[in-house]
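Computed from a predicted structure; not experimentally measured.
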Amino acid sequence: MVAKISLVGVCFSGILMAGSGVSPERMEEWLKESNTTCPIKFVDTSRYPKWRAVILYKDNQKEFFSSPKAMLHYFYTQSYRNFSGVQALYVTDYETGDLIESSEAYYVFGSRIVSMSGDDLIPFGARESAEKFAKEHSGKRIFEFKEVTKKLVDYLEIR
């Protein structure tokens, strides 16, 4: 319950930030100054740019992940991290390749398309794009970020 409340707080604070995405120039800067190895899958996230996710901390440190599922699994299970230290969570819009605020994304669940981590949540910045993708790739459901719970992430981890 605490994680769910904290996640909502993180999302709300992210919405208050100026701008909801990361410009390509800023992303290039982030990639140059950060370790881009996923702490869950131990792969270089530059190998999977369509799946990249990022936690941005208030001290401007960044952690890169190989997929939204990997980031959320990390977020929900790393109790040593103080949730109040998180500034924003970002995911890559599967259609455009842009890094967008995770709280503004729509996530396709249960499609035939999988990340290098297996079954995953496929993010889109527009609901219409998520609906089209789900129809074309047998997606089972579209979730808003507030519906993405630890239980759902755990379910994806064991599949």
Side-chain angles (χ1 to χ4, degrees), residues 7 10-11 14 17 19-81 83 85-127 129-145 148-150 152-159:
L7 188 56
V10 167
C11 294
M17 291 174 44
S20 61
V22 176
S23 70
E25 296 81 20
R26 189 160 183 206
M27 184 63 192
E28 286 300 318
E29 180 182 312
W30 283 10
L31 291 169
K32 288 178 186 174
E33 68 184 28
S34 302
N35 176 0
T36 60
T37 301
C38 177
I40 300 295
K41 297 297 178 182
F42 307 106
V43 297
D44 184 353
T45 63
S46 64
R47 293 179 55 202
Y48 307 97
K50 288 185 98 165
W51 295 99
R52 185 179 289 135
V54 181
I55 296 178
L56 174 63
Y57 295 99
K58 288 183 180 177
D59 64 2
N60 286 322
Q61 294 295 312
K62 295 149 215 74
E63 287 192 271
F64 287 79
F65 297 86
S66 57
S67 74
K69 176 179 77 173
M71 177 184 71
L72 292 169
H73 173 76
Y74 184 85
F75 184 83
Y76 278 130
T77 60
Q78 298 301 313
S79 60
Y80 68 89
R81 284 285 190 186
F83 289 123
V86 174
Q87 181 175 332
L89 304 174
Y90 292 101
V91 293
T92 302
D93 181 312
Y94 193 80
E95 180 178 49
T96 67
D98 296 335
L99 209 57
I100 58 174
E101 172 66 43
S102 62
S103 64
E104 296 178 7
Y106 297 91
Y107 298 86
V108 176
F109 166 81
S111 77
R112 293 186 309 253
I113 305 299
V114 297
S115 72
M116 62 88 52
S117 303
D119 287 334
D120 217 308
L121 297 168
I122 304 174
F124 292 88
R127 183 165 191 91
S129 297
E131 289 170 350
K132 180 181 175 192
F133 179 89
K135 185 176 181 181
E136 292 174 357
H137 300 283
S138 302
K140 304 291 185 259
R141 183 166 172 198
I142 298 171
F143 288 98
E144 291 184 24
F145 187 72
V148 179
T149 63
K150 180 180 184 314
L152 175 60
V153 174
D154 288 346
Y155 174 75
L156 289 168
E157 277 293 302
I158 61 172
R159 288 192 62 188

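Using a 4.0 Å cut-off between charged nitrogen and carboxylate oxygen, Arg127 and Glu131 count as a salt-bridge pair.
Between Ala126 and Asp93, the shortest heavy-atom contact is N-OD2, 4.5 Å.
For the residue pair Tyr106 / Glu144, no side-chain donor-acceptor distance below 3.5 Å is found, with atom types taken as modelled. Judged purely by distance below 3.5 Å, without hydrogens or angles, the side chains of Arg112 and Ser138 pair a donor atom with an acceptor atom.
With rounding to the nearest 0.5 Å, the separation of NZ in Lys50 from OG1 in Thr92 is 10.5 Å. Rounding to the nearest 0.5 Å places CD of Gln61 at 12.0 Å from CD of Gln87. Once rounded to the nearest 0.5 Å, the distance linking OH of Tyr76 with NZ of Lys150 reads 9.0 Å. Rounding to the nearest 0.5 Å places OG of Ser67 at 10.5 Å from NE2 of His73. We find the CD-OG distance between Glu95 and Ser129 to be 3.5 Å, quoted to the nearest 0.5 Å. Between the OG atom of Ser115 and the NZ atom of Lys69 there is a distance of 5.5 Å, given to the nearest 0.5 Å.
Between the side chain of Thr45 and the backbone N or O of Thr36 there is at least one donor-acceptor pair closer than 3.5 Å.
Residues passing the ring pair (Phe, Tyr, Trp, His ring centres under 6.0 Å) test with Tyr94 are Trp51, Phe133, sequence neighbours excluded.
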Chi angles and distances behind the side-chain contact (heavy atoms from CB on, under 4.5 Å) call for Ile142, Tyr107: CA-CA 5 Å; Ile142 298 171; Tyr107 298 86; over 6 Å; no
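Ring geometry for Phe109 versus Phe143: interplanar angle over 60°, hence perpendicular rather than tilted (30 to 60°).
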